[in-house]
Amino acid sequence: MGDSSWTFLLVGSFAAMGAAMAVGTLAALVQHRRTGTMPGSDEPVELSPARRRTLWLRVGVGTALTVIGLEALRRVGIL
C-alpha cells in the first residue's frame, strides 16, 4: 500500500469518527427535545445546563474533526 492509502485510512478514520460523534450526539439531542428521553432510557430525563453544553460541545468537536480531516485529505489530493 502506498503513502496515500495510509493517509486516507488514518486521516479518513478520524474524519469518520468525528462525523459519527457529531451526528450521533445531535440525534440524541433531537430525541431529547422531541420525547424528553435519551437513548437507552425509557423514562424522561432532565438535562442540566452543564450536560446540555457538554453535548453541544461534542457536536462541535465532532464537526471540527470532520472538517479538518476532509480538508487534510483534500490538500494531499486524495479527495
Side-chain angles (χ1 to χ4, degrees):
M1 290 193 341
D3 287 340
S4 63
S5 295
W6 283 107
T7 302
F8 180 74
L9 286 173
L10 292 175
V11 177
S13 294
F14 281 107
M17 183 180 65
M21 186 168 69
V23 170
T25 305
L26 191 58
L29 285 166
V30 168
Q31 177 181 340
H32 182 265
R33 178 151 175 97
R34 293 182 72 203
T35 65
T37 62
M38 290 298 282
S41 173
D42 293 331
E43 298 179 13
V45 176
E46 184 64 36
L47 290 179
S48 67
R51 180 68 176 149
R52 191 179 310 271
R53 276 192 303 275
T54 302
L55 291 172
W56 279 108
L57 182 63
R58 278 184 69 169
V59 171
V61 168
T63 303
L65 279 174
T66 303
V67 169
I68 291 168
L70 290 175
E71 179 61 20
L73 291 174
R74 188 191 64 78
R75 283 187 182 199
V76 296
I78 295 175
L79 288 183

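Any value given below was found using the heavy atoms of this structure, including those in side chains, with hydrogens, waters and symmetry copies removed. The first residue of the sequence shown is numbered 1, and numbering continues consecutively from there.
The shortest side-chain heavy-atom distance between Val45 and Arg51 does not fall under the 4.5 Å cut-off. With contacts defined as side-chain heavy-atom distances shorter than 4.5 Å, the pair Leu47/Leu55 qualifies.
Phe8 and Val76 fall within a single hydrophobic cluster, where Ile, Leu, Val, Met, Phe, Trp and Tyr side chains are chained together by heavy-atom contacts under 4.5 Å. Note on Met21 and Phe14: same hydrophobic cluster, where clusters join Ile, Leu, Val, Met, Phe, Trp and Tyr whose side-chain heavy atoms are under 4.5 Å apart, directly or indirectly. Note on Val23 and Leu29: separate hydrophobic clusters, where clusters join Ile, Leu, Val, Met, Phe, Trp and Tyr whose side-chain heavy atoms are under 4.5 Å apart, directly or indirectly. Follow the hydrophobic side-chain contacts under 4.5 Å out from Val61 and you never reach Ile68; the two are in separate clusters.
Residues Val59 and Leu26 approach most closely at CG2-N, 3.9 Å, considering heavy atoms. Nearest heavy-atom pair across Met38 and His32 is SD-CB, 3.5 Å.
Judged by distance alone, with hydrogens and angles left aside, the side-chain atoms of Thr66 form a donor-acceptor pair with the main-chain N or O of Ala15 at under 3.5 Å. In this structure a side-chain-to-backbone donor-acceptor pair under 3.5 Å is present from Thr35 to Gln31.
To the nearest 0.5 Å, atoms CD1 (Ile78) and OG (Ser5) are separated by 8.0 Å. Distance check, rounded to the nearest 0.5 Å: CG of Leu73 to OG1 of Thr7 gives 8.0 Å.
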